[in-house]
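Worksheet: the structure to be examined is printed underneath.
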Amino acid sequence: MTKMLVAMTFALGVLAAPAFAGETTVTLAVRNWYCKACPHVVKESLAAVPGVTNVAVSDKTKTAVVTFDDTKADVQALIKATTDAGYPSFPYTEGMLWP
């Protein structure tokens, strides 16, 4: 009986694993952002990453808030996308000193 209970618990855990994956939102601070075209380029480079569902950029704070499916993308893929477009980025933390 105990073995069957353990096996059923394990099976349910395996089946439920995809339920733990989901949307993640990260804010990236973006460097080299100086012109009126920059927000568009940053937004489009992030939107092109598979799994990204939403991108909101702020010209005032030079940040991008990105929502993505964490089974298809990760923060490193987002950073690579902006860096490859000429805009190095890194995770932004509230209260961080940022010009």
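The figures here come from the full heavy-atom set of this structure, side chains too, leaving out hydrogens, waters and symmetry mates. One-based numbering along the sequence shown.
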*Do Tyr92 and Val65 have side-chain heavy atoms sitting under 4.5 Å apart?*
no
_Would the distance check show the side chain of Asn32 and the main-chain N or O of Gly86 forming a donor-acceptor pair, the cut-off being under 3.5 Å?_
yes
_All side chain to side chain contact (heavy atoms under 4.5 Å, CB included) counterparts of Ala81, not counting sequence neighbours_ = Val49
*asked:* Holding to side chain to side chain contact (heavy atoms under 4.5 Å, CB included), I want the full list of residues that pass it with Val55, two or more places apart in sequence or in another chain.
replied: Lys43, Leu46, Ala47, Val52, Val57, Val66
*What distance separates Phe68 CZ from Asn54 CG, expressed to the nearest 0.5 Å?*
12.5 Å
*Short question: side chain of Thr67, backbone of Thr53 - any donor-acceptor pair under 3.5 Å?*
no
*Enter the distance from Thr83:OG1 to Arg31:CZ here, rounded to the nearest 0.5 Å.*
11.5 Å
*Which pair of non-hydrogen atoms, one from Tyr87 and one from Val41, has the smallest distance, and what is that distance?*
CE1-CG1, 3.4 Å
*With Ser89 via side chain to side chain contact (heavy atoms under 4.5 Å, CB included) - residues at least two apart*: Leu28, Val30, Ile79, Thr82
*Looking only at non-hydrogen atoms, find the nearest pair between Pro91 and Val75 and report the distance.*
CG-CG1, 4.1 Å
*So, for Ala85 and Ser45, which heavy atoms are closest and what is the spacing to 0.1 Å?*
CB-CB, 3.9 Å
_As an exercise, state the distance from CG of Asp70 to CD of Glu23, rounded to the nearest 0.5 Å._
9.0 Å
